[in-house]
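Bear in mind the structure is a predicted one, so any value in this text is a computation, not a measurement. Within every chain, numbering begins at 1; the chains are lettered A, B, ... in the order of the sequence lines, protein sequences first and strands thereafter.
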Amino acid sequence: MPNRYAYYPGCSLEKNARAYHISTLYVAEKLGVALEEVPDWNCCGATEYFAIAALPAYALVARNLALAQGMDWNGGQRHLVAPCSACFLNLSKTDHYMADSPQLAAQVNEALAAGGLHYDPGAVFVHHLLDVIVDDVGYEKVQEMVTKPLFGLRVAPYYGCLVTRPDYKHIHNEPEHPFCLDDLLAALGATVIDYPVKTACCGGHMTQISEDTALELIRRLLKAAADYRADAIVALCPMCQLNLDGYQAQVNKHFGTDYHIPILYFTQVMGLAFGATPEEIGIGKEFVDARPVLNKIQEKPPEEGKKRRKKRRDKQALPMPELLRTHTGRK
Amino acid sequence: MPKNTDFEPVILGFLCNWCSYRAADLAGTARIHYAPNMRPIRVMCSGRVDPQFVLKALREGADGVLIAGCHPGECHYVNGNIKTLRRFLLLRKMLEQLGLEPQRVQLVWASASEGKQLAEAVNRMTEEIRALGPLRWPEFLARETTSEATMEAA
Amino acid sequence: MQHKPQEKPRIGVYICHCGTNIAGTVDVEEVARWAGELEGVVVARDYKFMCSSLGQDLIENDIKEKKLNRIVVAACSPLMHEKTFRGACQKAGLNPYFFEMANIREHDAWATDDKTAATFKAKALVEGAVNRVKFHMPLEPIPVDINPNTLVVGGGIAGITAALELANAGYHVYLVERSPSIGGHMAQLDKTFPTLDCSACILTPKMVDVGQHENITLLAYSEVEAVEGYLGNFTITVRKKARHVNEDLCTGCGICIEKCPRKVIDTEFEAGLGYRKVIYRPFPQAVPKYPVIDTENCTFFQRGKCRACQIFCPTKAIDFDQEDELITFQVGNIIIATGYDLFDARRIPQYGYGRLANVFTSLEFERMVNAAGPTGGRIVLRDGVTEPRSVAIIHCVGSRDKNYHEYCSKICCMYSLKFAHLVRERLPDAEVYNFYIDIRAPGKGYEEFYHRVLHEGAHLIRGRVAEVTDAAREPGEEGKLIVQVEDTLIGKQRRIPVDMVILSAGIEARKDSKEVAQLFKMGCDFDGFFVERHPKLDPVATMTEGVFIAGCAQGPKDIPDTVAQGAAAAARVAGLIHQGTVLMEPVRAYIHEDLCSGCRICNNLCPYNAIVFHEDRQKSEVITALCQGCGTCVAACPSGVISGAHFTNDQIFAQIEGVLWDVRAKATAPS
């Protein structure tokens with residue numbers, strides 16, 4: 001594990017996703033991940049700016065990369081971590097395309113030069129927070145820190161659309177249907193459901209453009225979680241959390257449904273398993289209150305095997321193929 | 001000359017008939033493009049590579065020598081490549097004592113299906129030697145012989 | 001120490017265009033012009049196709065008219081055409097070893113698109129060859145007798161065909177099969193496209209023929225462990241795994257199987273869809289008929305109790321103490337027909353195999369639809385009862401996909417259409433959807449079969465499936481599997497709810513194909529398929545003399561192509577056996593005895609123990625018949641008195657100088 005990461009919180013974590021910010025800091029401290037905030041960082045341009053004016057958008061993002069590059073690294077490899085999926089994508093996209101196109105890199109650097117900055121493509125390795133925890137910290141270290149396992153809590157792992165795709169650095173084996181968050185949550189003792197829409201879209205900013213479209217997208221995510229009897233959806237991105245949490249009541253009104261599924265950040269769920277009080281990791285700030293769900297956490301692991309053994313194998317049924325990897329287990 | 005301005009390293013490659021020569025054939029058949037700096041010579045086994053061949057190549061002006069054979073345990077002649085490895089380690093030690101950078105003489109394993117790996121090795125070695133600069137043994141030798149001749153004359 | 005060439009060389013140099021393969025990148029005319037100025041070169045030409053008969057005539061005429069005594073051809077890899085040009089030299093009366101080839105295609109023209117650099121490299125390679133050939137010596141090939149026995153590895157339809165062809169021609173065959181019975185994948189299939197012949201009905205008679213043939217030694221449940229030697233004289237060691245059934249006593253009555261109390265999922269023959277006993281025959285018509293004990297699951301082997309099979313066996317054939325047996329025999333040729341593995345559909349999690357119960361693989365469906373399979377031929381969902389009212393068949397699973405295999409598996413379109421037909425035949429009310437990228441039906445009667453299936457009412461939807469999900473959006477989707485796809489013919493996203501999904505998984509190379517290639521010293525491509533000597537003109541030979549390939553081990557193909565290759569490989573082998581002797585490369589080491597100091601350094605280096613030391617004269621000697629020509633001893637001799645024919649120090653030193661002509665010239669020029 002690198003001994004230090006530049007930390008890019010992004011605008012959301014300053015305000016509506018405050019809970020993500022404080023739980024990230026809590027978990028990072030527990031796991032010995034040293035985060036140092038990029039000085040004077042600015043907005044990543046979110047999802048819209050690239051569609052409006054590409055070059056200024058790249059320059060906007062590259063300013064953050066340049067700032068990260070300029071931090072004191074003692075000659076070591078520079079690592080940048082972003083907890084927000086959109087920030088992560090924009091930062092890694094900018095790095096990727098600047099490396100891909102020397103022309104773009106030259107133009108962006110011309111813009112940066114106005115502020116006395118410069119970015120060399122490839123100088124900073126951009127990570128999503130999930131990847132740091134899965135790849136650099138590892139499941140074993142996470143499991144060591146678990147003091148209050150989440151036995152009996154049924155969670156839906158929700159990756160959203162931006163973390164595993166387009167996967168510029170080819171770190172995901174299964175970008176269309178990933179399992180790394182599943183494995184992480186299983187390491188915390190939770191029961192992880194096979195969430196079929198794990199990489200589907202949360203609606204993004206469609207809530208501001210076409211509410212009907214957004215509500216339908218959100219409904220699908222809530223419905224699949226409810227169908228699989230999930231107690232909570234675990235998200236990796238402030239946008240996903242906001243849409244699923246903040247618009248849940250509106251979905252219920254619009255479709256006549258009655259969903260009450262709290263949406264937690266994965267760092268909050270980790271914090272719970274590490275023994276944090278709900279307040280320490282920002283639980284209670286969400287619209288759909290997560291606290292009632294936490295009562296489901298049991299002292300002992302649910303004995304799934306027992307039930308199955310009692311029910312004799314259905315003589316007529318055909319055997320199921322074994323999973324290549326058990327997504328409820330660890331690697 | 002390929003490019004007059006920049007330094008283009010000249011690498012002599014000794015490829016064994018059964019694995020690495022076929023790997024190079026496969027790289028070509030698969031149209032994998034790699035640095036044209038390596039000039040291959042076919043030998044039946046990397047075990048045929050007499051250390052004299054390497055010295056000869058450097059003396060004749062090569063900037064580096066690549067020896068490529070089958071992976072250990074996969075030699076067409078049981079274990080010729082293991083003998084190559086032993087010889088290679090000794091040779092490199094000697095060359096280091098002569099002040100030669102270790103990157104200039106390399107031993108790689110490439111099976112007949114590893115066209116890509118061989119091409120990558122050639123690319124990597126070309127870049128490493130490009131960074132080191134030309135070796136110029138023949139020039140030095142010529143100069144030394146002349147200076148010796150002058151000394152003798154004096 | 002470098003010698004002078006023995007006679008005044010008169011060299012002919014020929015630069016091949018290979019159409020545009022070489023000429024497109026290398027300036028062949030310039031290389032020829034430049035080569036013409038090299039010392040000793042009498043004539044240098046460039047020509048469109050040197051390997052054509054006109055190209056060869058060119059060499060032959062020049063040898064005769066211009067009294068050439070050395071020939072250099074700069075063209076493709078010597079592994080491709082060295083033999084061709086040596087033949088041309090021989091026809092013109094020149095010893096074929098006065099020939100040298102420069103590889104300016106694979107190693108040059110195809111490896112770069114920098115024309116200047118390629119032309120420059122070509123010159124270096126040509127000068128290397130010109131310098132080298134001056135030192136060539138006349139050599140005579142070594143005749144080798146061909147052992148008339150043949151090893152066939154793999155008892156699928158390719159291996160069965162090859163074995164029967166040779167055995168019927170009167171030659172003895174050792175057929176080695178890894179699993180307990182021959183038959184291969186073909187034995188698992190229900191019907192074969194496009195004729196809908198019952199697969200077992202056409203295969204089992206051939207299996208019986210193999211089992212009964214007096215010229216075939218069948219070694220089932222066995223694996224080749226070691227291969228030594230070369231064309232004509234291979235020594236093969238086979239591990240015959242313990243069946244724990246004495247084949248001399250067993251009558252194949254099957255009582256042991258009946259009495260065995262333990263059932264496990266059969267992941268091999270039944271593709272995981274059914275169960276088998278722990279003592280089992282893969283299928284009733286298995287050849288040989290003897291059962292085998294699966295020791296990993298056997299109660300006796302695991303816990304020391306049970307013995308049911310032993311107690312009930314009427315001929316006392318169960319032998320718990322049986323051990324693996326190593327069998328060694330000699331063959332002259334080898335045919336590798338090790339077949340393929342089915343692509344593991346679990347590698348594409350978005351298609352749900354292993355997660356969603358009613359997603360099946362093509363092989364599972366073959367077993368399901370087979371009257372002898374786990375459901376007795378009924379098409380049902382995973383619960384074993386419910387008949388699907390709608391079935392989706394997804395083509396190209398793992399094929400034509402850069403994330404998995406870029407190649408087309410060739411058979412999936414046709415078997416998917418066959419599935420569509422079979423579903424419609426068994427369940428006339430069921431809707432069938434085939435999701436395809438392109439329909440590839442190139443074969444006799446194939447296109448007609450495609451039309452037949454269309455007329456039968458299967459829905460063909462053109463588009464690669466994005467995912468198979470159980471996340472319903474609309475009430476009509478509840479409880480169904482939904483296939484999400486872009487229908488590229490109408491340009492719209494579609495969601496098609498179905499009860500059952502079949503994944504038409506592609507063909508991939510056997511997991512251990514790289515090790516097998518190593519064992520038999522063959523080439524193996526990126527995907528793991530064995531490499532043929534020539535993709536068009538020599539598809540069943542390999543670069544290794546005496547080793548042939550057939551069937552899907554070489555690449556995806558259907559049954560007719562596989563059978564054709566099996567027979568072709570057999571014909572190639574029969575030809576060699578009929579010849580009786582073949583000529584081998586005279587690349588051998590030789591010790592100049594009068595110069596040998598008797599240091600014995602070379603003695604231990606030889607992996608073939610081909611070097612003997614004569615105590616009386618204190619000299620070493622190479623036994624030519626044992627020497628394989630690797631040259632390791634040549635490189636090690638401190639006195640330099642071992643010469644490796646056709647790879648002598650003189651030849652290689654000369655080649656080094658030639659290849660480095662430009663840097664040498666630079667060094668000697670005043671800077």
Task: Residues in side chain to side chain donor-acceptor pair (under 3.5 Å) contact with C/Tyr415, at least two apart in sequence or another chain - done: C/Ser362
Task: Residues of residues 502-509 of chain C with any heavy atom under 4.5 Å of a heavy atom in chain A - done: none
Open item on the list: Taking side chain as everything from C-beta outward and backbone as N, CA, C, O, which of these in C/Leu381 sits under 4.5 Å from a heavy atom of chain A? Side chain, backbone, both or neither.
Closed with: backbone
- [ ] Check whether NZ of the Lys or CZ of the Arg C/Arg464 lies under 6.0 Å from the centre of the six-membered ring of C/Tyr436 and within 45 degrees of that ring's axis.
- [x] no
Open item on the list: C/Asp487: which residues meet the salt bridge (Lys or Arg N to Asp or Glu O under 4.0 Å) condition with it, sequence neighbours left out?
Closed with: C/Arg494
Task: Side chains of C/Ser181 and C/Phe269 in contact at under 4.5 Å (non-hydrogen atoms) - done: no
Open item on the list: Can you confirm if the NZ or CZ of A/Lys93 lies within 45° of the ring axis of A/Phe50 and under 6.0 Å from the centre of its six-membered ring?
Closed with: yes
Open item on the list: With a 4.5 angstrom heavy-atom cut-off, is it the side chain or the backbone of C/Ala271 that approaches chain A, or both, or neither?
Closed with: neither
Task: Structural part of A/Tyr195 lying under 4.5 Å from a heavy atom of chain C - done: neither
- [ ] Mind running side chain to side chain donor-acceptor pair (under 3.5 Å) on A/Asn252 and A/His254 for me, showing each step along the way?
- [x] CA-CA 6 Å; A/Asn252 284 335; A/His254 193 87; over 6 Å; no
TODO: May I ask you to decide if the ring planes of C/Phe343 and C/His405 are parallel, tilted or perpendicular, using 30° and 60° as cut-offs?
DONE: perpendicular
- [ ] Show your reasoning for whether salt bridge (Lys or Arg N to Asp or Glu O under 4.0 Å) applies to C/Glu486 and C/Lys492.
- [x] CA-CA 6 Å; C/Glu486 183 190 354; C/Lys492 280 204 171 114; over 6 Å; no
Open item on the list: Between C/Thr375 and chain A, with a heavy-atom cut-off of 4.5 Å, which part of the residue counts as in contact: side chain, backbone, both or neither?
Closed with: side chain
Open item on the list: Looking only at the aromatic ring of each residue, does the gap between the centers of C/His395 and C/Phe435 stay below 6.0 angstrom?
Closed with: no
- [ ] Decide if the gap between the ring center of A/His177 and the ring center of A/Phe179 is smaller than 6.0 angstrom.
- [x] yes
TODO: Report yes if the side chains of A/Phe266 and A/Leu129 come closer than 4.5 Å at any heavy-atom pair, otherwise no.
DONE: yes
- [ ] Heavy-atom distances under 4.5 Å only: say whether C/Ile265 touches chain A with side chain, backbone, both or neither.
- [x] side chain
Open item on the list: Heavy atom to heavy atom, less than 4.5 Å: which residues from residues 211-226 of chain A reach chain C?
Closed with: A/Glu216, A/Arg219, A/Arg220, A/Lys223, A/Ala224
Task: Between SG on residue A/Cys240 and CG on residue A/Asp245, distance to nearest 0.5 Å - done: 12.0 Å
